[in-house]
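Fair warning: this is a prediction, and the values are worked out from it, not measured in the lab.
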Amino acid sequence: MIHTRSELQELRTKALARIKGYDCRILVCSGTGCIATGSDKVYEAFCEICKDAKGVTLEFAPHDENSEDVAVGVKRTGCQGICELGPLVRIQKDDKVIQYTKVQPSDCQMIFDRSVVEDDVLDHLLYKIDNVPYKSPEKIPFLAKQTRLVLKNCGKTDAESLEEYIAFGGLEALEKAIFDLNQDEVIDEVDRSGLRGRGGGGFPAGRKWKQVARQAEKIRYVVCNGDEGDPGAFMDGSVMEGDPFRLIEGMMIAAYAVGAQEGYIYVRAEYPMSVKRLRHAIDLLEEEGLLGENILNSGFSFKLHINRGAGAFVCGEGSALTASIEGNRGMPRIKPPRTVEKGLWEKPTVLNNVETYANVPGIILNGSSWYRQFGTEGSPGTKTFSLTGAIQNTGLIEVPMGPTLREIIFDIGGGIKDGSRFKAVQIGGPSGGCLTEEHLDVPLDFDSVKKYNAIVGSGGLVVMDEHTCMVEVARFFMSFTQRESCGKCVPCREGTKRMLEILERIVGGKGKPEDLEMLSDLAEMIRNTALCGLGKSAPLPVISTLSLFREEYEEHINEMKCRAKVCQAMKHFVIIEEKCMGCHKCLRNCPVGAISGQIRSPHFIDNNVCIKCGACIDNCAFNAIYMQE
């Protein structure tokens, strides 16, 4: 148990000395992406190799300076960033780090022999661009062009070790807050930093904390929104998995600042690894007396709980989230009163998302001026983004607020896959909108993108190339938001359903010219009258695609044409008589009997019956069938 500030500082000194005592650390990425590709087996293989190797002291065994043994630590880290190239492994000796990609258990012995025991490098496992290998993660363009504040520990420390978190400066900000600053000073520092909520709305965090702190009601709560439901977004999940202690420290500082003694982390059901590591972190902190009653003998007490959501997207909205924690159906309510006045259990509540809280320790420890050196005047600090879609380097990035799309997609992301042409990026998930080539040099911050019917949102970036149908993109996101509507208000419940029906009619080849005006009218109605923020932003993907790609909508309706060749109803299959040998193979494999013809005679496709599955093309040995534009 750690009872005092001096005991915590003593532990930090000892923990850092122990880590420096390692001759080598093997850092295995254990983010969800790498685990899905087998990093657990890689971790186990390294543990077995080190355990059986002669002259190796494994894990936390103290290193005897007089011993000739090599002290090796095998650690599970958070997301190392280059998600598509997992499993990822870093070999760290002193300040030198080697980044290996696509590591398999069969590679581990060679890595151990060549890079742990010796000082050699395995070129075939390094990250490469145009066959040029990059040994150090700091040299890889994808990582070198980032500024990691929130993610600074991810990939560098053991995600499940409280000792390692403390060794690398963890809880120093909490110490400073509760011993060197009063509550108002903490809030003022956060307010001066300009930190804005990273969950999508961009509301100033300091202002929210002030509103809670000045309430007459003395029972207050701190709540973390970890219900990251946007398709293609995994920023908050990566922080909860990779640096859970940092999130918790940020929440503890918030609780001290506003006078709260209890907090809740609301995590979506689809994040089991986040839940596991958060619970482990809470257990460790409680065991050491760093969470609970009278923390560090300071008089500050804080109890923390985890609530798992049931997968409802609407529970990402503040009032729906607090209703869900209370055991009620997650549905938004009319405001005012707002969460800062009557939130959880009708008490004043600070509600921020994971990334927002994870920014707090750095602000308190280094000061608001330090934080403001990153980002823009109106949007200080950094922002995490997930890069997915038709991009060379998919993964997790963190950059100062205000980067351009060009910098993110081409400098960091490596450009579009397979030499295709960039078409658009969906930003902000189903509540966001599209940005196109004309927006490549627009700064990405909370205020700038609003001018183009888009929002930064939580930071999901889905990159699309010329093979993407924008009408289908709008239909996909509208299908998602309509399915996830809680149904409480008519504009969202019925309006999104009507919009989805129109979009499905258009991609189904049955669109009418008047549908476009109807879509616009419905979108504006929902945007202006829906009850909650999620409902109001639901039509944004349609509004932005209609504005930027209206000609694609018109082609679908007037010409029955999908230029991206994505929409099934627009596909028209033709058999070339001169090439058809009448072998019957396409006829036999057509699941709906759309093909007719006699053996050894040209066959024909009835496109009114055809379901556009493409089985005929796959089974034709003579290249006699093609899809007509």
Next on the checklist: Can you confirm whether M110 sits close enough to H124 that some side-chain heavy atom of one is under 4.5 Å from a side-chain heavy atom of the other?
Outcome noted: yes
Item to check | Test item: side-chain donor near acceptor, Y127 and Q99, under 3.5 Å | outcome: no
Item to check | Nearest heavy atoms of L247 and M240, plus distance in Å | outcome: CD2-CG, 3.9 Å
Next on the checklist: What I want to check is whether the side chains of E164 and T157 have a donor and an acceptor closer together than 3.5 Å.
Outcome noted: no
Checklist entry - Just how far is it from atom NZ of K303 to atom CD of E293, taken to the nearest 0.5 Å? => result 9.0 Å
Item to check | Side chain proximity check, V239 to L151, heavy atoms < 4.5 angstrom | outcome: yes
Next on the checklist: With rounding to the nearest 0.5 angstrom, report the CG to CD1 distance, L125 to I111.
Outcome noted: 5.5 Å
Checklist entry - So V74 and I49, side chain to side chain contact (heavy atoms under 4.5 Å, CB included) or not? Walk me through it. => result CA-CA 10 Å; V74 185; I49 290 168; over 6 Å; no
Next on the checklist: Cation-pi check for F203 against R196: NZ or CZ below 6.0 Å from the six-membered ring centre and within 45 degrees of the axis, yes or no?
Outcome noted: no
Next on the checklist: Side chains of R90 and Q92 only: does a donor on one sit below 3.5 Å from an acceptor on the other?
Outcome noted: no
Checklist outcome for this item: Heavy-atom nearest pair, D227 first then F313, reads OD2-O, 4.0 Å
Next on the checklist: Taking the side chain as everything from C-beta on, heavy atoms only, tell me whether V223 gets closer than 4.5 Å to V350.
Outcome noted: no
Checklist outcome for this item: Between I253 and P361 the two heavy atoms that sit nearest each other are CD1-CA, 4.1 Å
Next on the checklist: Strictly distance-based, threshold 3.5 Å: is any side-chain N or O of T349 a donor or acceptor partner for the main-chain N or O of L351?
Outcome noted: no
Next on the checklist: Working to the nearest 0.5 angstrom, can you tell me the gap between E355 CD and S238 OG?
Outcome noted: 10.5 Å
Checklist outcome for this item: Taking every heavy atom of C24 against every heavy atom of I91, the minimum-distance pair comes out as SG-CG2, 3.7 Å
Checklist entry - Is R372 positioned over the aromatic face of F374, cation under 6.0 angstrom from the ring centre and no more than 45 degrees off axis? => result no
Checklist entry - Is there a donor-acceptor pair under 3.5 Å between the side chain of D180 and the backbone N or O of A177? => result no
Checklist entry - Just checking, is any N or O donor in the side chain of Y100 or S115 under 3.5 Å from an acceptor N or O on the other one? => result yes
Checklist entry - So how far is it from D158 CG to L27 CG, rounded to the nearest 0.5 Å? => result 9.0 Å
Item to check | Pairwise side-chain contact, I265 with L278, heavy-atom cut-off 4.5 Å (strictly under) | outcome: yes
Item to check | Atom of C50, atom of I26 and distance for their closest heavy-atom approach | outcome: SG-CD1, 4.1 Å
Checklist entry - Does the side chain of K75 come under 3.5 Å of the side chain of Y22 through a donor N or O and an acceptor N or O? => result yes
Next on the checklist: As a quick check of understanding, evaluate salt bridge (Lys or Arg N to Asp or Glu O under 4.0 Å) for D119 and R114, giving each step before the final call.
Outcome noted: CA-CA 6 Å; D119 288 317; R114 299 272 296 276; over 6 Å; no
Checklist entry - Between the side chains of E138 and S136, is a donor N or O closer than 3.5 angstrom to an acceptor N or O? => result yes
Item to check | Chi angles and distances behind the salt bridge (Lys or Arg N to Asp or Glu O under 4.0 Å) call for E48, K51 | outcome: CA-CA 5 Å; E48 286 300 315; K51 185 176 67 176; 3.2 Å; yes
Checklist entry - How far does CG of L11 sit from CD of E288, to the nearest 0.5 angstrom? => result 7.0 Å
Checklist entry - Going through the distances and angles, do L126 and I98 end up as a side chain to side chain contact (heavy atoms under 4.5 Å, CB included)? => result CA-CA 8 Å; L126 295 177; I98 302 170; 3.9 Å; yes
Checklist entry - At what distance, to the nearest 0.5 angstrom, does CD of Q146 lie from CG of D411? => result 12.0 Å
Checklist entry - Will you find, in the side chains of T77 and Q80, an N or O donor that is under 3.5 Å from an N or O acceptor? => result yes
Checklist entry - Any donor and acceptor pair, going by atom type alone, linking the side chain of E287 with main-chain N or O of M1 inside 3.5 Å? => result no
Checklist entry - Does D236 come within less than 4.0 Å of R198, counting only side-chain N to carboxylate O? => result no
Item to check | Heavy-atom side-chain contact between V28 and V103 under 4.5 Å | outcome: no
Next on the checklist: Is there a side-chain contact between N366 and Y371 in this structure, where contact means two heavy atoms from C-beta onward sitting under 4.5 Å apart?
Outcome noted: no
Checklist entry - If we only count heavy atoms from C-beta on, is the R25 to V72 side-chain gap below 4.5 Å? => result no
Checklist entry - With side chains defined as the heavy atoms from C-beta onward, is the minimum distance between I129 and P141 less than 4.5 Å? => result yes
Checklist entry - Under 3.5 Å, side chain of D230 to main-chain N/O of A233, donor-acceptor pair present? => result no
Checklist entry - Do S298 side-chain atoms and I295 backbone N/O form a donor-acceptor pair below 3.5 Å? => result yes
Next on the checklist: For the backbone of D107 and the side chain of Q104, can you confirm whether one donor and one acceptor N or O come within less than 3.5 Å of each other?
Outcome noted: no
Item to check | Main-chain N/O of I82 paired with N393 side-chain donor or acceptor, under 3.5 Å | outcome: no
Checklist entry - Going by atom types only, do Y221 and Q261 share a side-chain donor-acceptor pair under 3.5 Å? => result no
Checklist entry - Are S368 and E189 close enough that a side-chain donor and a side-chain acceptor fall under 3.5 Å? => result yes
Checklist entry - Has K14 got more than 12 heavy atoms of other residues, nucleotides or ligands less than 6.0 Å from its NZ? => result no
Checklist entry - Are side-chain N/O atoms of E175 and Q9 paired as donor and acceptor at under 3.5 Å? => result yes
Next on the checklist: Is it true that, when you exclude K139 itself, more than 12 heavy atoms of the residues, nucleotides or ligands shown sit nearer than 6.0 Å to its NZ?
Outcome noted: no
Checklist entry - Would E398 and T382 count as a side-chain hydrogen bond (donor to acceptor under 3.5 Å, both in side chains) if you check the C-alpha gap in whole Å, the side-chain angles of each, and the deciding distance to 0.1 Å? => result CA-CA 6 Å; E398 183 179 356; T382 59; 2.5 Å; yes
Checklist outcome for this item: Minimal heavy-atom distance between V150 and D243, with the atoms involved, is O-OD2, 4.4 Å
Checklist entry - Does the pair R277/E160 count as a salt bridge with the N-to-O cut at 4.0 Å? => result yes
Next on the checklist: Could you check whether any side-chain N or O of E7 sits under 3.5 Å from a backbone N or O of H3, counting only pairs where one atom can act as donor and the other as acceptor?
Outcome noted: yes
Checklist entry - side chain to side chain contact (heavy atoms under 4.5 Å, CB included) between R12 and E172: does it pass, once the steps are laid out? => result CA-CA 10 Å; R12 181 174 294 114; E172 280 189 20; 3.4 Å; yes
Next on the checklist: Looking at R220 and Q215, would you say the former's side chain and the latter's main chain have a donor-acceptor pair under 3.5 Å?
Outcome noted: yes
Checklist entry - Distance under 6.0 Å and angle within 45° of the ring axis: does K176 meet both against F179? => result no
Next on the checklist: Has R268 got a side-chain atom pairing as donor or acceptor with G309's backbone, closer than 3.5 angstrom?
Outcome noted: no
Next on the checklist: Using the rule given for side chain to side chain contact (heavy atoms under 4.5 Å, CB included), can you reason through S324 versus Y266, listing the C-alpha separation, both sets of side-chain angles and the distance that settles it, and then say yes or no?
Outcome noted: CA-CA 9 Å; S324 180; Y266 189 90; 2.8 Å; yes
Next on the checklist: Set out, in order, the CA-CA distance, both residues' side-chain angles and the distance that settles salt bridge (Lys or Arg N to Asp or Glu O under 4.0 Å) for D23 and K93, then state yes or no.
Outcome noted: CA-CA 6 Å; D23 293 295; K93 287 186 173 182; over 6 Å; no
Next on the checklist: So if I apply the side-chain hydrogen bond (donor to acceptor under 3.5 Å, both in side chains) rule between T356 and each of N353, N359, N352, which one comes out positive?
Outcome noted: N353
